[in-house]
Structure formats: structure tokens, C-alpha cells
2 protein chains.
Amino acid sequence: MNPPTIKDVAKAADVSVATVSRVLHNLAGYSDQTKQKVLKAVEELGYQPNAIARGLINKRTQTIGVLFPDVSSSFSSDLLHGIEDVANDRGFSVIVCNTAEDGKRTMKYLQVLREKQVDGIVFTSEFLKEEYYLALKEMRVPVVLVNTQSHKHMIPYVKVDDRQAAYQATEYLIQNGHREIAMISDTPVDRIAGIPRIEGYKQALADNGIEYNEARVAYGDFGLESGRKAIEKLLAEAPPFTALFAASDEMAIGAMGVALERGIRIPDDISIIGYDDLSISRMIYPPLTTIHQPLTAMGRLASEKLIALIEDSSEVSSTIVNHQLVERKTVRPRP
Amino acid sequence: MNPPTIKDVAKAADVSVATVSRVLHNLAGYSDQTKQKVLKAVEELGYQPNAIARGLINKRTQTIGVLFPDVSSSFSSDLLHGIEDVANDRGFSVIVCNTAEDGKRTMKYLQVLREKQVDGIVFTSEFLKEEYYLALKEMRVPVVLVNTQSHKHMIPYVKVDDRQAAYQATEYLIQNGHREIAMISDTPVDRIAGIPRIEGYKQALADNGIEYNEARVAYGDFGLESGRKAIEKLLAEAPPFTALFAASDEMAIGAMGVALERGIRIPDDISIIGYDDLSISRMIYPPLTTIHQPLTAMGRLASEKLIALIEDSSEVSSTIVNHQLVERKTVRPRP
DNA sequence: AGAAATAGAGTAAACGTTTACTTTTTAGTG
DNA sequence: CACTAAAAAGTAAACGTTTACTCTATTTCT
């Protein structure tokens, strides 16, 4: 009735459970004949080992937990894709957690992951609060950060150099002759993705002798809708501009939408450059010029680092992955 | 050194492990004084129960597995969002599996999920092969299907009525005066999402006295790129048409992209209606008229059904969720 | 007061593995 | 053939819980 256990196999093959276990793990200590008997019994009973029992004894669950602020964003799901892919390859399962950027929820997830005895954790796209750090530390499992970083604690991370990427995006607009350049940023309290991108933008302006004008920057939350709001604000309140740097593709796409609705041509009237390179960005019209972040590859890398830490608990370093400016159709030289 | 166990708590509180367990589960059998002692010890040691050990004994892991053909598609991640949300609420974790529509991979996942003793499985957006069904059956855990359905086996599902939705989409174009209506479909061997949508399309034509012309239907795979290919084929080879029904938003968006590139105006020259209503569809320009599938809600519903099955193993029925035609800017009356 | 019921607690088996240790069998050596 | 080394296999503890069962002391009832 119940699923067969190793004992049932042992009985059927008329050997001890230890022998069955050894055969199944290819350890030494049995004759070829015995091996055949065991394998036959396994086959006949349709025996499958119970990973829970195994996990209990060797204190390994072959499971990792991954936290996202928003699983359903294109950004997160590309990351997840990469993470899941290598994890699976290496024999790990992944439990997804959607924190909704809510501290309470996050702490609850952390507790669940702890109780479930995950072997490691990937924490993505969000500032690592001290509270989280402490919980993570108590769990004593490896952690890797993706698309975020902790200045206070030494935790390996995988991310692009936001400051430099933003610098490059802005400079690209400048090289195209633009001097009145607006920006849509994340809230300026975001120490991870917000501030560095604004700084890169400012620096590029400064290095090219263009004065920074605070009125030309609007704030969003990386989402589509916030991009619409932001450009509306800019159009209404900011001094005129011929180019726009949006700190996320979603915001760029939102902004393009309202521009187009109002008969503002892209890139003829306003050039736009985004940030992320979501798969959608290539496909919309006009295709979005943007900073490519290799999200799937970053996910893969994160998984690899984490598993390395789990398996040899050797030290693993952080890596700044290369971004890339991909030229498509939303930027053109200033007339 | 090691994380404290229930034994450590028992020792610290000077009671037996049974008592600790009872206190932790609010069962009867101890004085208030004892309870305080135990709680104090738990607090001081920072004890957290081990879900693996618990799972071993009560044969419940509070974990479900979810299979997607492509985790990183917007479609899947909206579903996942809903599934994860209610699962978490009800105390379940979710393990994601990306089958990549690969039979081998799927079978491997099924085995892993079995070994990990998940309590239930959600299977999404793919035809349930007999092989999968058998594996699932052997696992003896509840299953719910999302966005797919098995005609052969009685398995509860959650999906929209594709045939009817396609009918409605097509009829909407007809009501707008169009008579030369092309379609981009999934491959016609797809018994789940392919055939019913084509049939709905055909039926709507027939009911309105329009002859079906096979040359006006092209095939894709639901992805963006395939939408581009399909419309290119249509533009090159099909008789002229004034409207297009795409069986997925991604394909519709891909098609819009090439139309726009070629100076074909949407909706002035060609009206387009999509299918899915991804969050991006509202945001692109022009915003896509489409059939709304409430993906997140469908995910939630699936989770609820599955958990109901897990918890009382009562019978649970399937539900056809309501789709909705959302009118945006890509369809206009024929001039 | 004595019996019966009850509250408060402990003991130990069970869940399905892995593995250190022990025992038995076989093969090898001089 | 006696003895040793190696191979083959078994025994049982351990992992961290839950829970059925048992035991003792106290309360309740007649």
C-alpha cells in the first residue's frame, strides 16, 4: 500500500538494508550477484529513495531558496530562469519566495527556509537590511546576493557596475549631441540601484561640462506605470529636453508609451535609452536602445557560486559582470 | 555549536521532549508553569523546529511543485505569482521546475519531486503526456492542471474556454467591419491551446458567412520572435487582410513590431487583437486590444484547489475562468 | 475513606535513511 | 592445512521529530 522503502527492497532481495544502501550509492562491499538481486528488487518494487529521510541524516536537502521582490517581473523571472537552470543541473531544487519588498514577509520566508533546512540562499534586487542579515547569519548557510550588494557585510554578490553603466548610457546620449538630458531614476533612497545610477548620470554630465539640473530628474519605482507618471511630470514641469535616460526598461517603455500617445516621436523628438535589456525591449516598436544586463547569465553565475559555497564551503568572491550598451532605434543624433 | 534541537530545549527546561513538543503544538498535558519554562528555553536557545524531521514523521512536507514550460515567460511568471502567493499564505513552499518542454527534463523533475516528497503538483501550459500522467499517478499526490487539460484523465484544471475566447476575438474584428482576417496560431498539433483557438476563429468566420482561407493562417510557438516570422510570412504570401488575430500577446507584439517597421500603421492599416493580456500589453504603444486571461487569479485558484485536495483530499472540480475582451487601441472599424 | 477520574508528565517506538562497527565468509599464503 | 588478509554482508545507532502508551500524583465523587 505505502510506497516501498529501503527495508522492503532489502527483504525482497534477501539482504540487509545496509547492503541495499551500498549498492544504490555504488560503494564497495558486495558481490556482483548481490548487486543484481538488489537492482532487480528495486526495479520490481518501483523503489524511490526518500529524500526527506536522507536529508535528515546527512543534513543536506539539496534545496536552495531564492528571494525576489517581485517574482512576476520580467527582471526576476529572467534571473530565476538562470538560477533554476544550473541548480537543477547540479541536483538542487529551488524554492521561490516573493517578498513583495515587505520586511515582515521576508522575515517569515527566512524562517520557513530555515525550518526547511535549505542549503543556501540567493537574495536578489533588494537592499539587505540588517535584520535580514542577522537572520541569515543565524541560519549558517551560504548566501549570495544578486543585483544588490552589502557594503557593511562581506557577502559575495553578482551585479553590474551601475554607476559606470549609467555613466556610459548618459555619455552615449551626449556623444549623440544631446545636452538637455532628463533622467527617470528609482527613488533616491535606494542605495543599491538608485544612487549609483544617478551618480553615473551626474558624473557624465559633469565630465562633459553640462550643468546638472535637478528639475530634469523624476523618480519612479522601476515599474511601467511609474515610468508613465515620471515622464508626465517631466513633460509638464521640467525644462525642455531632447534625450532621456531611464533607469529601467520598464520605466523607459512606460515613458515611450505616453510620448507616443502625445505625438512625441521617438527618437525624432526625444531619444530614449533604457536599462536592463528585458527580452521585450528588443521586440517593441521602436526597439529600445538600452544597457544590457545579462540577467540569465547572472542567475546562472549566482547559482554556481552558491553551490560552490555549499559544496566546499571555500571562499567565493564577488563578480562584477559586464554590461553592454546595445544600440537599437530609440536614440538618434540631435538634429 | 550545532543548531539546538528539541532535546536541547528539553534539557534546558528540565522536562521531556514530549512535553516540549506538546507545548509547541498547543496540545494539552502540562501546567502553565511548565509551559513558561519551555517557552523560556526556546527563546534563550533560539530554537527552530526542523521541518525535515517533522516531514519524515508526519509524511507531509508542506511543499508543492510547479512545472512550467518556460519560467521566464511573462505568462508563467504571472501564474507563479498567484500560485506562490496563496501557497505561502497557507503554509506551503513552492519548488519551481522549468521543463523547457522537454520530456526527459520533465520526467527528471517528476522524479525529484517524488523523492522530495512534495505534497502536490501544479502542472501548467503543456499537454499532459501519458508518461507524465503515469509518473504522477505513481506519486499518489494531488495534481491540478493550469491552462491545460486532460481529456483522457479526470484531473481538475483551471483554464479559460479557448474556443469561445477565440470566437469572441474573431467576432469582435468582424463586428468592426473586417472580413479579411488573418490569424497567427500555435502549431496545429497543440491540442490544448492550438486547435481550440483555430476552431473558434473558424467558427466565428463561418457563423458570419465568411469563407475560411487556410492561406491566411500562419503558425508560431507563442513567442515574440515567432510572431515576427509569422506576420512576415503572411505579408508575403497570404491574400491581403485588414485584421489579425494572434493567439498570444507575445506573437501579437512581435507582429506589431514588424508591421510598424514596415510603415504599416496599427490600427489604421491593420487591426490586431491578441490573447493573454500580459501586463506589458497595456503599456506598449499602441496599447494592445486583447483577450484578458486572469493569470494571477488563475494561479491563486489552482493553489487553492491543490491545497484543498492535499488537506481533505475531498473531490475538487475544474473551473473554466472567465476571459474578457479588453478594448484598447489596436483595433478600429474598417474604413 | 476509598475508588475512580483526571491532570501532568515521561518513555520509547516510529518515520526512512546512512554509516561506523562487527561478524562471517572467502581467498591467499607458506 | 593452519593462519591471515580481504571481501561480503549484517547490526544497530543516529538524524530530530511526533505520538501512543504508561505512570504518578492529585482531584472528584459517593
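Letters A, B, ... mirror the listed sequences (proteins, then strands); counts begin at 1.
Heavy-atom nearest nucleotides on DNA chain C were determined for I57(B) and for Y30(B), and the one closer to the 5' end corresponds to Y30(B). Comparing Q48(B) and R22(B) by the nucleotide of DNA chain D that holds the closest heavy atom to each, the one mapping nearer the 5' end is Q48(B). Taking the nucleotide of DNA chain C with the nearest heavy atom to each of K59(B) and K37(B), the more 5' of the two is matched to K37(B).
At the heavy-atom level, Q117(B) lies nowhere under 4.0 Å from the strands shown. Looking at heavy-atom distances under 4.0 Å, S31(B) makes contact with sugar-phosphate atoms alone, never a base. Nucleic acid contact class of T19(B) (heavy atoms, under 4.0 Å, all strands): sugar-phosphate only.
Ion pairing between a basic and an acidic side chain is recognised when a charged N comes within 4.0 Å of a carboxylate O; E311(A) and R90(A) show no such pairing. Salt-bridge formation is not detected for the pair E304(B)/R300(B): no Lys NZ or Arg NE/NH1/NH2 atom is positioned less than 4.0 Å from an Asp or Glu carboxylate oxygen.
With hydrogens and angles ignored, the 3.5 Å screen pairs a side-chain donor or acceptor of Q62(A) with a backbone N or O of G91(A).
T99(B) and E126(B) share a donor-acceptor pair across their side chains, judged by distance under 3.5 Å alone. With hydrogens and angles left out, the side-chain atoms of S93(B) and K116(A) include a donor and acceptor closer than 3.5 Å.
When rounded to the nearest whole Å, the span between CD of Q33(A) and P of dT25(C) equals 15 Å. Taking atom CG of residue D32(B) and atom P of nucleotide dA7(C), one finds them 15 Å apart after rounding to whole Å. The distance between atom CD1 of I6(B) and atom C1' of dG10(C), rounded to the nearest whole Å, is 13 Å.
Taking 4.0 Å as the cutoff to heavy atoms of chain A, we find the contact window on DNA chain D bounded by dA8(D) to dG16(D).
Heavy-atom minimum distance, L306(A) versus P142(A): CD1-O, 3.5 Å.
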